[in-house]
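Numbered from 1 within each chain, the chains take letters A, B, ... in sequence-line order. Any value given below was found using the heavy atoms of this structure, including those in side chains, with hydrogens, waters and symmetry copies removed.
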Amino acid sequence: MAAKKKATKKKSSRRYWLFKSEPNSYSIDDLAGERMQTTFWDGVRNYQARNFLRDDVAVGDRVFFYYSNSKPMGIAGTMEVVREGYPDHTAFDPDDHHYDPKSDPDEPTWFMVDVKLIQSFPALVTRGDLKSETALAKMMVLQRGSRLSIQPVTAAEWKAVHKLAGVKDL
DNA sequence: GCCAACGTTGGC
DNA sequence: GCCAACGTTGGC
């Protein structure tokens, strides 16, 4: 039978991402301490980032855990996506810092995914380290004014960062 | 602490 | 629909 199967999500090869967090609010050690070393990545309140979480980030994708607004800044380790985009319930909680009264539970505005720790790098790969690597010159997080908190990463960048960290790509 | 780069809001 | 004002992000 030649009937086309309708897919809600295009099947494609594994993708790579970078998620930002301020380690003062949530660090890779916090993730390591979670049950199953897994958590939901909540609080994204930007439409472009939301679209990535809702439409593109898929189970099995790999993610850099990036420390922003910290000293030092950089990539702390890697995570695997274990649940694809679903409504961010913290938007419905008036007591939550990321509460958004405009997000309707019946038609949620904001989405999140679940991530599981793959590895903490032996040492933070700092922003300075990243900048000194010519292969990473075009990496989005290094571009001026790159405020997006969910960013796509190329396979080559994924590999180059592991080389800088001196670890295997698990 | 400063400020450039954005994103959002609201008056018109 | 335009755009000035304002708020936030996040590197330096």
Tell me whether the side-chain N/O atoms of A:K20 come closer than 4.0 Å to OP1 or OP2 in C:dG10. yes

Nearest-Å distance for atom pair CH2/P, residues A:W110 and B:dT8: 7 Å

Using a heavy-atom cut-off of 4.0 Å across all strands, would you classify A:Y66 as base, sugar-phosphate, or nothing? sugar-phosphate

Side-chain atoms of A:R127 come closest, of C:dG10, B:dG7, C:dC12, to C:dC12

Any donor-acceptor pair under 3.5 Å linking the side-chain atoms of A:R127 with those of A:Y66? yes

Give the rounded distance in Å between these two atoms: CG of A:L148 and P of B:dG7. 8 Å

Between A:F19 (CZ) and C:dT9 (P), how many Å, whole number? 18 Å

Does a donor on one side chain and an acceptor on the other come within less than 3.5 Å for A:T126 and A:D129? yes

Quickly work out the A:K131 NZ to C:dG11 C1' distance and round it to whole Å. 7 Å

Between A:Q143 (CD) and C:dG10 (P), how many Å, whole number? 15 Å

Tell me, do A:W17 and A:R15 make a side-chain contact under 4.5 Å, heavy atoms counted? yes

We want to know whether A:S70 and A:E22 form a side-chain donor-acceptor pair, criterion being a heavy-atom distance below 3.5 angstrom. no

Could you state the atom-to-atom distance from CD1 of A:I150 to P of C:dT9 in whole Å? 14 Å

Of all the nucleotides listed (C:dG11, B:dC6, B:dT8), which has the minimum atom distance to the side chain of A:R147? B:dC6

Please determine, for the side chain of A:K102, which listed nucleotide (B:dT9, C:dG11, B:dT8) has the closest atom? B:dT9

Do A:D42 and A:Y26 have side chains that get closer than 4.5 Å, going by heavy atoms? no

Starting at CG of A:D100 and ending at P of B:dT8, how long is that distance when rounded to a whole Å? 11 Å

Interatomic distance, A:E22 CD vs C:dG10 P [rounded to whole Å]: 7 Å

Would you indicate what A:K71 reaches in the nucleic acid, counting non-hydrogen atoms under 4.0 angstrom: base, sugar-phosphate, or nothing? nothing

